[in-house]
Amino acid sequence: MTLTELANPTRFLALVARLMPWLTAATALLLIAGLYQTFAVAPDDYQQGATVKIMFLHVPFAWLAMFGWAIMSISALGTLVWRHPLADVSAKAAAPIGAAFTFLCLVTGALWGRPMWGTYWEWDARLTSVLILFLMYLGVMALWRAVEDPSRAARAAAVFTLVGAINLPIIKFSVDWWNTLHQPASVLRLGGPTIHMSILAPLMVMALAFSLMFVTLHLAAMRNEILRRRIRTLHLMQAAAPRAG
Amino acid sequence: MNLGQHAGFIVAAYGVAVIVVTALIGWIAADYRRQTRTLRRLEASGITRRSAAIAPAAGTAPSRAAP
C-alpha cells in the first residue's frame, strides 16, 4: 500500500483497525520483556548503581521526544509541499504524544540528575534545548486550538513546525558544541555504543517498546482526528440543511 | 530486589512514567469512544456524508448528502 493509496481516510481507518491489535500486543510484550530485563537481569552500573534503571526510561523518552517533532516536520512538508490529505492529521495527532514523552524525558532526567549530579536542573545547552522543545510542543498544540478552520491551522502549524525543527540538531549536538553537564552521546555515535551489552540490551528493548507505543498511540490519535473531522463536516451539513431546504 | 540508596528517585521516575503513559492512553481511548458515539448519533439522525451514503444505497437518494 502506497502513501497515495493511504490518502483515502476510509482506507487508512481500515488499515489502522487491522494493525491496532498487533501493535498493541507487540508493545505490551516488549514492555514486559524490557521491565523484566530492567529489574531482574540488568546489573547495577559500576558508577551509577541502581540509578542506571532510570536511564532505561529517560533515554527512550529523549529519543521519542525528538522523533515526535521529526514526524511532525515530515508531516508539515506533506501539508505544505505534497498536500497529502492525512499529513496535517498526522502532525496534529503527534503533538500531544510528543509533548508527553518530552515531559517524561525532562522529569526522569531531573530524577536521575539529583542523586548523580547533585541537582534536579542545570541551565546547560542540552537541558535547555529540550525544555524549549517541550514549550514548542505546547505552542503548536495551542496553535491548533486557536485557529478554527483545520486547513488554515494546518498551514500555520506546518510553518511553525518546520521553523522549530532547527532545534533538533541543536539538541543532538549541544553536548558537542558547548561545554555541558550532560554526558556526550553513548549509544548513537560514530564508532558504536560505549555501553556494556548487559546495560545496552535492556535499554534497546525498552526503546523498541516505547517506540512501538508511540507509533500505536499516533495511529490511534490519527484515527480520532479523522473521526473528529467527519463529525465537523456533518455538523456543518446539519447547520446548512434548513437554509438549503 | 535492592534499588540502593537512591530507590526513591527510581520509584518516582517509574511512577511518573506509569501515570503519564496511562493518562495518555486513557485520553486517546476516551476520545475515540466520544468521537464514535457522536458520529453514530449523527448518522442515526439521517445525516450522512455523500461518500458514506452512496455505497449502501446505490440508486436511491440519501436523505441528506454530505459534500
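Order of the sequence lines sets the chain letters (A, B, ...), proteins ahead of strands, with each chain counted from 1. Just so it is clear, the values below take in all heavy atoms, side chains as well, and ignore hydrogens, waters and symmetry mates.
The six-membered or imidazole ring of A:Phe56 lies away from that of A:Phe61, with a centre-to-centre distance of 6.0 Å or more.
Screening B:Thr36, B:Thr38, B:Asp31 against B:Arg34 for a side-chain hydrogen bond (donor to acceptor under 3.5 Å, both in side chains) leaves a single residue, B:Asp31.
A side-chain N or O of A:Thr10 and one of A:Arg230 form a donor-acceptor pair less than 3.5 Å apart.
Residue contact with chain B, scored on non-hydrogen atoms closer than 4.5 Å, is absent for A:Phe214. At a 4.5 Å heavy-atom cutoff, the contact between A:Ile231 and chain B is made by backbone and side-chain atoms alike. If you measure heavy-atom distances from A:Arg228 to chain B, the contacts under 4.5 Å come from both the backbone and the side chain. Only the side chain of A:Leu35 comes within contact range of chain B, with at least one heavy atom under 4.5 Å from a heavy atom of that chain.
Ring geometry for A:Phe103 against A:Phe134 counts as tilted: the plane angle lies between 30° and 60°, on a 0 to 90° scale. Below 30°, between 30° and 60°, or above 60°: for A:His58 and A:His182 the angle between ring planes is between 30° and 60°, a tilted geometry.
Chain B forms the most heavy-atom pairs under 4.5 Å with one residue out of A:Ile54, A:Val107, A:Thr108, A:Thr216, and that residue is A:Ile54. The candidate with the highest count of non-hydrogen atom pairs below 4.5 Å against chain A, out of B:Ala17, B:Gly4, B:Ala29, is B:Ala17.
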